[in-house]
Structures are given as structure tokens and as C-alpha cells.
Amino acid sequence: MGRDLGVTAEKQDAFSEWYTQTILKAELIEYTDVSGCIVYRPGSFAMWETVQAFLDAEFKKLGVKNAYFPLFIPEKLLQQEADHIEGFAPEVAWVTHAGDSPLSERLAIRPTSETIMYQAFAKWIRSHRDLPLLLNQWTNVVRWEFKHPTPFLRGREFLWQEGHTAHATKKAAEKEVAVILDIYRRCYEELMAIPVLAGQKSEKEKFAGAEYTLSLEALFPNGKAIQACTSHHLGQNFSKAFDISFQNAQGEKEFVYQNSWGFTTRSLGVMIGVHGDDKGLVLPPRIAPIKVVVVPITFSKKPEASAQVLERARKLCAENNWHLDDRDHHSPGFRFSEWELKGVPVRIEIGPRDLEKDVVVVSRRDQEGKQEVPIAQAATVVDNLLEEIQASLFARAKEKLESSITDVSSREELKAVVSEGKLARAAWCGSVESEEEIKAATGAKSLNMQAPSDDACFVTGEPAQGVFVFGKSY
Ligand code: 87F
């Protein structure tokens with residue numbers, strides 16, 4: 001493969017150039033004329049479908065049902081819980097006209113669906129027997145961001161699921177909000193081999209409409225942290241604003257307790273950024289659309305041997321659901337580089353000499369080197385190798401995350417740690433003022449709270465809310 005077909009930027013030195021080249025050249029995305037709106041090409045959409053299948057199955061085990069609410073939200077409805085909308089208003093995109101005629105009321109393009117869903121919840125929930133109400137939808141959302149867009153990581157239109165649930169008791173809601181976070185954690189860790197930090201957001205960083213927000217945070221190779229997803233306990237904030245109430249078993253009126261939780265296509269960007277290398281994508285086997293590619297090596301000067309090689313390669317692919325790359329108009333070297341760029345976890349070569357020996361040559365994307373494997377054992381060896389690659393990518397990323405967390409006991413130490421591209425950990429009071437002060441002095445935000453703590457806050461000396469991790473972030 002030529003220089004311009006492969007990735008030319010080095011991940012270590014030029015991360016953002018590396019990222020952009022990788023996702024374009026690996027055919028994951030295409031840009032459009034609208035900034036922040038990208039095409040998810042089949043290569044990335046297939047991975048999103050895998051994420052969807054994983055999460056959707058887990059939600060269904062909890063009794064969550066899928067539904068679909070409209071894209072357009074009337075202005076009055078969006079304003080109904082003014083508190084939560086306040087800071088977000090500049091990001092809302094509006095439909096104002098049909099053809100040349102102004103609409104009587106402008107319509108927001110959904111940035112999130114609390115308002116439109118909770119209007120319906122108020123109609124549907126009457127008695128404690130209607131609870132819990134557990135709904136999810138898989139949709140696109142539009143948020144007209146003004147920060148620089150980055151494909152997957154920050155865009156104006158993205159794909160997600162949003163779960164919205166109503167419960168009779170606070171206890172039931174609080175149980176669920178943690179269970180959902182754990183499903184999200186497993187999706188990152190088990191499917192995408194990304195270790196995450198799970199915890200509660202600070203007062204400043206939580207969703208304004210929530211009583212508290214739980215999040216997962218991941219670490220990018222450039223030392224920046226990124227919020228990986230959120231699960232909010234809304235308490236009765238929305239049920240009071242939207243009059244979502246029920247008669248309890250004693251016949252008294254009560255407001256429901258609610259949660260909302262979301263997981264977006266940002267996850268794909270995190271996965272790409274964490275695992276990729278100078279040759280391009282490195283995909284964990286469980287999320288890779290093609291897990292194994294077979295490249296038959298044929299020679300026009302040896303037509304008979306080549307035909308046998310092709311036949312054997314076809315048979316192996318059919319038996320094992322491996323991908324056959326029999327494009328003989330491209331050299332083997334070109335094809336190898338292309339599958340490396342696309343991150344396929346395992347490559348198998350088979351040529352006339354291998355066939356004589358009854359072996360194939362197996363390479364793994366995440367490490368150098370090749371091994372000869374007897375054809376009869378190829379399926380077993382490759383299955384084990386895929387498991388090993390999945391585990392090794394996770395272990396490597398986890399070691400990186402853990403070794404980058406450094407305990408600090410002053411703002412100066414925190415500043416030094418984050419400027420080295422690491423994460424700082426400290427017992428902290430969690431107050432909004434203190435967070436603003438830390439941000440101004442160091443450029444870092446709190447990510448989330450890892451554990452409770454009896455220590456004093458490292459900034460104010462007041463009792464700590466808990467042990468928080470801080471870092472520069474996306
Ligand atoms: C942008 C414009 C208008 C985020 C916005 O996190 C409103 C909002 O409410 C807004 N950007 N949010 C917060 C979304 C909260 C919550 N919604 C359900 C989630 C997960 C899924």
C-alpha cells in the first residue's frame with residue numbers, strides 16, 4: 001500500500017492528526033458539508049450495531065422496553081423544566097419554517113427527550129400498578145456545539161440510546177441507576193476492552209436536572225480524560241415539573257422517582273483512540289466486524305497450485321465464518337497493510353508452500369510476529385488467539401490507566417500531575433467554588449468520585465465528600 005493510503009502521522013507525537021487520518025483511511029467515516037455531521041460508513045456502523053445488540057439485550061433483561069418519540073419538540077414543552085434547559089439553550093437547533101411559511105410555534109430538534117417523554121409519562125402513570133415504567137429509545141440527537149467537532153467524540157448530530165424510567169420509590173430508582181452504570185461498564189470493558197473509572201460526578205459537573213449523576217470516565221492516550229457515558233438519578237425534579245404522579249397502595253398521591261441514562265457513538269471514538277497504533281486501527285475482536293481475514297497467496301505462474309490454495313482458503317472461510325480476501329489484483333503486501341489499517345485482529349496467509357506442509361501462517365494485529373499453524377488446528381488456535389487478543393488489549397489499557405493515576409495533596413501537585421498528561425487523585429470537598437478554583441489554577445476538571453473518604457479536602461481543609469479523580473478532559 002502506498003504512503004498516502006496508509007496512516008502517516010505518529011500516534012504518540014501527533015495524536016489528533018493520527019486519529020483523523022486513521023478513521024478516514026480505515027473507511028469508518030466521511031465528512032460532509034455540515035461541520036460536526038459525519039457519515040458513519042459500514043465499517044463504523046457495524047460496530048455501533050454490536051454495541052446496540054449488547055446494550056439492548058441487557059436492557060431487556062431488566063424489563064426495559066423500546067419505544068420511539070418524535071424528533072420535534074414544541075418550544076413550550078422544551079421550556080417546561082426551565083432549570084435543566086438553561087445552560088443548554090445555545091445548542092438547541094430549531095425548525096422555524098415549512099417551505100416559506102413560518103410555523104406558528106418553532107420546533108426544537110431533539111437534543112435529549114426528557115420533556116417529550118415525560119409529557120406522555122404524566123398521561124400514562126396513574127397508579128402504583130403502572131410502575132415501574134421502563135422505556136428506552138435508540139435515536140439520533142442534535143446539539144449545535146460550537147467547540148471544535150471531532151468525529152465520534154464531539155459532533156452536532158450523534159447516535160445514542162436514552163433510557164427514561166419512573167419508579168414508585170427512591171430506593172428502586174437508585175438501584176437501577178447503578179445497575180445501568182454497571183451494564184455500561186461491561187460494554188466498555190468486556191466488548192471494547194476499555195477500562196473505565198466509575199463514580200459520581202461533582203456538583204458542578206452533574207446534569208443540572210439530576211439529583212446526582214453517575215459516569216464512566218476513560219483515559220485517552222494523549223493524557224486527556226473523556227466522559228464515556230452517564231446515568232442520572234433525577235429524584236422528583238422532573239416528576240414535579242411534569243406532574244408525573246400516582247396513587248400509592250394507601251390511596252395517597254405521590255410523585256414518581258426517575259432516572260435517565262445515555263450511551264452514545266462517542267464510545268467508538270474512545271475505542272479507536274485507546275487501541276490504535278501507528279499502522280491504524282486495532283480492533284478488539286468482540287467488536288471487530290471482521291475478526292479474521294484470510295489472504296490466499298497465489299501466483300499467475302503457478303495456476304494449479306494457486307487454484308488449490310484458493311479452494312482451501314474458501315473452504316476455511318466458509319467453515320469458520322472468516323473473511324476471504326481473494327483480490328488478486330492487489331499484491332499480498334498491499335492487502336496485509338489494508339487489513340492492518342482496518343484493525344482486523346487476526347490475519348491468516350496461505351500460499352502453495354504452506355499448503356504442501358498443510359499449515360497456515362497466522363498473525364495477530366496487536367503484536368509483531370507470525371506463527372505457522374497446522375490447518376487441522378487452525379480454528380481452535382484462532383479462537384483462542386481472539387480471546388487472548390481481547391484480554392491483552394484490555395490488560396494493556398488497564399495498566400496504562402492505573403499507572404497514570406497519581407495521588408496528590410495540593411493544587412500545585414495536581415497541576416504538575418495533569419500537565420504531564422496524568423490523572424490526579426485526592427480527597428476533596430466537591431464544592432462548586434472549589435472546582436472553579438481548581439479549574440482556574442490548573443486547567444483540570446473533576447472526573448468523578450471513586451470512593452467515600454473521611455479525610456480533609458485537599459483544597460479547603462473541610463471534610464471531604466470523597467476521593468475524586470481529576471484531569472484535563474475533552
Ligand atoms: C443540549 C440541549 C438541550 C444535554 C442538552 O445525559 C438540552 C440538553 O438536557 C440536555 N445537552 N442535556 C442533558 C441530557 C441529560 C440526559 N438525557 C437522557 C443524559 C442521558 C440521556
Side-chain angles (χ1 to χ4, degrees), residues 44 46-66 132 134-138 152-153 158-165 172-201 212-220 225-233 259-275 282-289 291 343 345 366 383 386-402 405 447-451 469:
S44 61
M47 295 195 278
W48 181 239
E49 288 178 312
T50 302
V51 167
Q52 286 187 304
F54 178 94
L55 292 177
D56 207 62
E58 294 299 324
F59 299 158
K60 283 179 174 139
K61 285 183 206 164
L62 299 178
V64 176
K65 293 195 167 132
N66 285 332
L134 312 173
L135 293 187
N136 175 59
Q137 62 177 6
W138 289 97
F152 303 117
L153 300 177
F158 56 87
L159 308 180
W160 75 350
Q161 61 69 216
E162 52 178 320
H164 293 266
T165 64
E174 290 199 274
K175 181 174 174 207
E176 181 204 72
V177 84
V179 166
I180 293 293
L181 196 76
D182 201 56
I183 292 172
Y184 288 164
R185 181 192 62 74
R186 289 179 42 227
C187 186
Y188 268 99
E189 297 198 343
E190 293 170 15
L191 199 63
M192 297 190 281
I194 311 274
V196 286
L197 301 172
Q200 185 176 326
K201 291 298 252 187
Y212 60 84
T213 294
L214 305 180
S215 77
L216 301 180
E217 309 282 333
L219 177 64
F220 247 38
I226 184 159
Q227 181 172 291
C229 56
T230 48
S231 178
H232 312 284
H233 175 54
N259 296 330
S260 77
W261 24 277
F263 193 104
T264 79
T265 37
R266 169 180 276 194
S267 54
L268 299 179
V270 176
M271 191 269 297
I272 292 159
V274 166
H275 295 308
V282 176
L283 298 179
R286 285 190 205 140
I287 199 161
K291 302 179 200 321
D366 66 325
D383 281 350
L386 290 170
E387 290 292 314
E388 197 182 315
I389 294 169
Q390 183 82 30
S392 141
L393 288 174
F394 180 67
R396 211 167 62 186
K398 192 165 173 73
E399 150 64 24
K400 182 125 200 258
L401 173 64
E402 281 170 359
I405 301 175
L447 306 182
N448 60 23
M449 184 174 80
Q450 298 298 295
V469 174

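Numbers here simply count residues along the sequence, with the first being 1.
- Residues passing the side chain to side chain donor-acceptor pair (under 3.5 Å) test with T265 are Y40, sequence neighbours excluded.
- The main-chain N or O of V177 is found under 3.5 Å from a side-chain atom of S231 such that the two form a donor-acceptor pair.
- Residues satisfying the ring-ring contact (aromatic ring centres under 6.0 Å, His included) criterion with F59, sequence neighbours excluded, are W261.
- The two residues L268 and S44 make their nearest non-hydrogen contact at CD1-O, 3.7 Å.
- Across every non-hydrogen atom of A198 and L216, the tightest pair is CB-CD2, 3.6 Å.
- Scored by the ring-ring contact (aromatic ring centres under 6.0 Å, His included) test, H275 finds no partners at all (sequence neighbours excluded).
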Given side-chain contact (heavy atoms from CB on, under 4.5 Å), test R286 with E387 step by step and report yes or no.
CA-CA 9 Å; R286 285 190 205 140; E387 290 292 314; 3.5 Å; yes
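- Once rounded to the nearest 0.5 Å, the distance linking CG of L447 with CD1 of I405 reads 9.0 Å.
- Residues K201 and M449 fail the side-chain proximity criterion, which asks for heavy atoms closer than 4.5 Å.
- By the 4.5 Å heavy-atom criterion applied to side chains, F152 and V270 are not counted as neighbours.
- When the side chain to side chain donor-acceptor pair (under 3.5 Å) test is applied to T213, the partners found at least two apart in sequence or on another chain are H232.
- Of the N and O atoms on the side chains of E162 and S260, not one donor lies less than 3.5 Å from an acceptor on the other residue.
- Shown here for L393 and P284, the closest heavy-atom pair between the two residues is CD1-CA, 3.7 Å.
- Atom CD of Q200 and atom NE2 of H233 lie 10.5 Å apart (nearest 0.5 Å).
- With sequence neighbours left out, the side chain to side chain donor-acceptor pair (under 3.5 Å) criterion links E49 to no other residue.
- Residues passing the ring-ring contact (aromatic ring centres under 6.0 Å, His included) test with Y184, sequence neighbours excluded: F263.
- In this structure, the side chain of R266 engages the main chain of Q227 through a donor-acceptor pair within 3.5 Å.
- Proximity of S267 to W48: side-chain heavy atoms (C-beta onward) are separated by under 4.5 Å at one or more points.
- You'll find the side chain of L214 reaches within 4.5 Å of the side chain of Y212, heavy atoms only.
- Annotation: side chain of P195 is not in contact with side chain of Y188 (no heavy-atom distance under 4.5 Å).
- In this structure, N448 contributes its side chain and S215 its backbone to a donor-acceptor pair below 3.5 Å.
- In terms of the salt bridge (Lys or Arg N to Asp or Glu O under 4.0 Å) criterion, residue partners of K60 (sequence neighbours excluded) are, by chain and number, D56.
- Distance alone, capped at 3.5 Å, is enough to place a donor-acceptor pair between the K291 side chain and the A288 backbone.
- Side-chain atoms of N259 and E176 form a donor-acceptor pair, as typed in the model, at a separation below 3.5 Å.
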For L134 and K65, run side-chain contact (heavy atoms from CB on, under 4.5 Å): C-alpha distance rounded to whole Å, both residues' side-chain angles, the deciding distance at 0.1 Å, then the answer.
CA-CA 6 Å; L134 312 173; K65 293 195 167 132; over 6 Å; no
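- Taking the side chain to side chain donor-acceptor pair (under 3.5 Å) definition, one finds that R185 meets it with D182, E189, sequence neighbours left out.
- Applying the salt bridge (Lys or Arg N to Asp or Glu O under 4.0 Å) rule to K398 yields the partners E402; only residues at least two apart in sequence or on another chain are considered.
- The shortest side-chain heavy-atom distance between C187 and V51 falls under the 4.5 Å cut-off.
- Legend: side chain to side chain donor-acceptor pair (under 3.5 Å) pairs involving residues 388-397, not counting sequence neighbours, sorted by first then second residue: R364-E388, D366-S392.
- Shown here for L401 and L219, the closest heavy-atom pair between the two residues is CD1-CB, 3.7 Å.
- Within the 4.5 Å cutoff, the side chain of V64 has no heavy atoms near those of the L135 side chain.
- For the atom pair W160 CH2 and N136 CG, the distance stands at 10.5 Å (nearest 0.5 Å).
- Residues satisfying the salt bridge (Lys or Arg N to Asp or Glu O under 4.0 Å) test with E399, not counting sequence neighbours, are none.
- Counting all heavy atoms, side chain and backbone alike, I194 lies closest to F394 at C-CE1, 3.9 Å.
- For F220, the ring-ring contact (aromatic ring centres under 6.0 Å, His included) criterion is met by F15, Y474, not counting sequence neighbours.
- You'll find the side chain of M271 reaches within 4.5 Å of the side chain of L283, heavy atoms only.
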